[in-house]
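Have a look at the structure below before the remarks.
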Amino acid sequence: MAQGNESEDRTVVRNLDKAYAIVDASQAFDIIYQLEGLGCRFEPVFGNGKKDYEAQTPYLVYLNEHSSETEWFFTEAFGNNWGVVIVTPDEIPVILRDIKKVVWGRMFNATKALLRVYRPLVLNSLIPAISAEKQRTLIGGKVIYAEDSLGQFSLRYQMSNGVLQIAKISKPDLKREIFASTFGDNHGPR
């Protein structure tokens, strides 16, 4: 089992451009309608044009600091095991490709299975249990935030010199940290 360093760290991760939420539409019947109602920018992770299928897929939602979708995520979705936040320099097509690469895995009996790494409870169980090599593949140059089982704080996962770093971030500090890392201390666009 791979071990990471867990701490109550308040270190802000810098030099990452974009913040996305991955929201699992299968967790609540109206997530897709909420996203549509916000008029926000979002992409289905596994879309094939069929509305029934897309209602069950995770969606990648672009987050801006002062937007309605960001406020929705932190007030409605956080605490419900609906999704995780990724801070990265990558564009949407790269993020979608990376998600698709890691969600299909092999179970202990070698059966191919969907690993719903975009659900916080799954991610928090999976990351400590996989090898360091798989942790590097999953996290890479991204920073991933996933709520704890009670929705009271978030775990921040990132790699530092090839070693998994885990830090607890309080719910009030989470949004501030994410947007300080994407826009710098002034919280404005670069």
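Worth saying up front: this structure is predicted, and the values here are computed from it rather than measured. In this chain, numbering begins with 1 at the start of the sequence shown.
- For Phe42, the ring pair (Phe, Tyr, Trp, His ring centres under 6.0 Å) criterion is met by Tyr59, not counting sequence neighbours.
- Residue pairs meeting the salt bridge (Lys or Arg N to Asp or Glu O under 4.0 Å) criterion with at least one member in residues 69-94, sequence neighbours excluded, are Lys18-Glu91, Glu71-Lys175.
- Judged as a side-chain contact (heavy atoms from CB on, under 4.5 Å), and not counting sequence neighbours, the contacts of Lys134 are Ile130, Ser131.
- Partners of Tyr157 under the side chain to side chain donor-acceptor pair (under 3.5 Å) rule, at least two apart in sequence or in another chain, are Asn124.
- For the ring pair (Phe, Tyr, Trp, His ring centres under 6.0 Å) test, residues two or more places apart in sequence or in another chain that qualify with Tyr20 are Tyr62.
- Of the N and O atoms on the side chains of Ser26 and Arg119, at least one donor lies less than 3.5 Å from an acceptor on the other residue.
- Residues meeting the side chain to side chain donor-acceptor pair (under 3.5 Å) test with Asp30, sequence neighbours left out: Gln34.
- Residue Ser125 comes nearest to Ala129 through the heavy atom pair O-CB, 3.7 Å, listed as atom of the first residue, atom of the second, then distance.
- No side-chain donor-acceptor contact under 3.5 Å links Ser160 to the backbone of Val163.
- Here the closest non-hydrogen pair linking Gln152 and Asp148 is N-OD1, 2.7 Å.
- A salt bridge links Glu177 to Arg156: at least one charged side-chain nitrogen sits closer than 4.0 Å to a carboxylate oxygen.
- The heavy-atom pair separating Ala77 from Glu147 by the smallest distance is O-OE1, 4.0 Å.
- Of the possible polar contacts, none joining the Thr70 side chain to the Leu63 backbone as a donor-acceptor pair under 3.5 Å is found.
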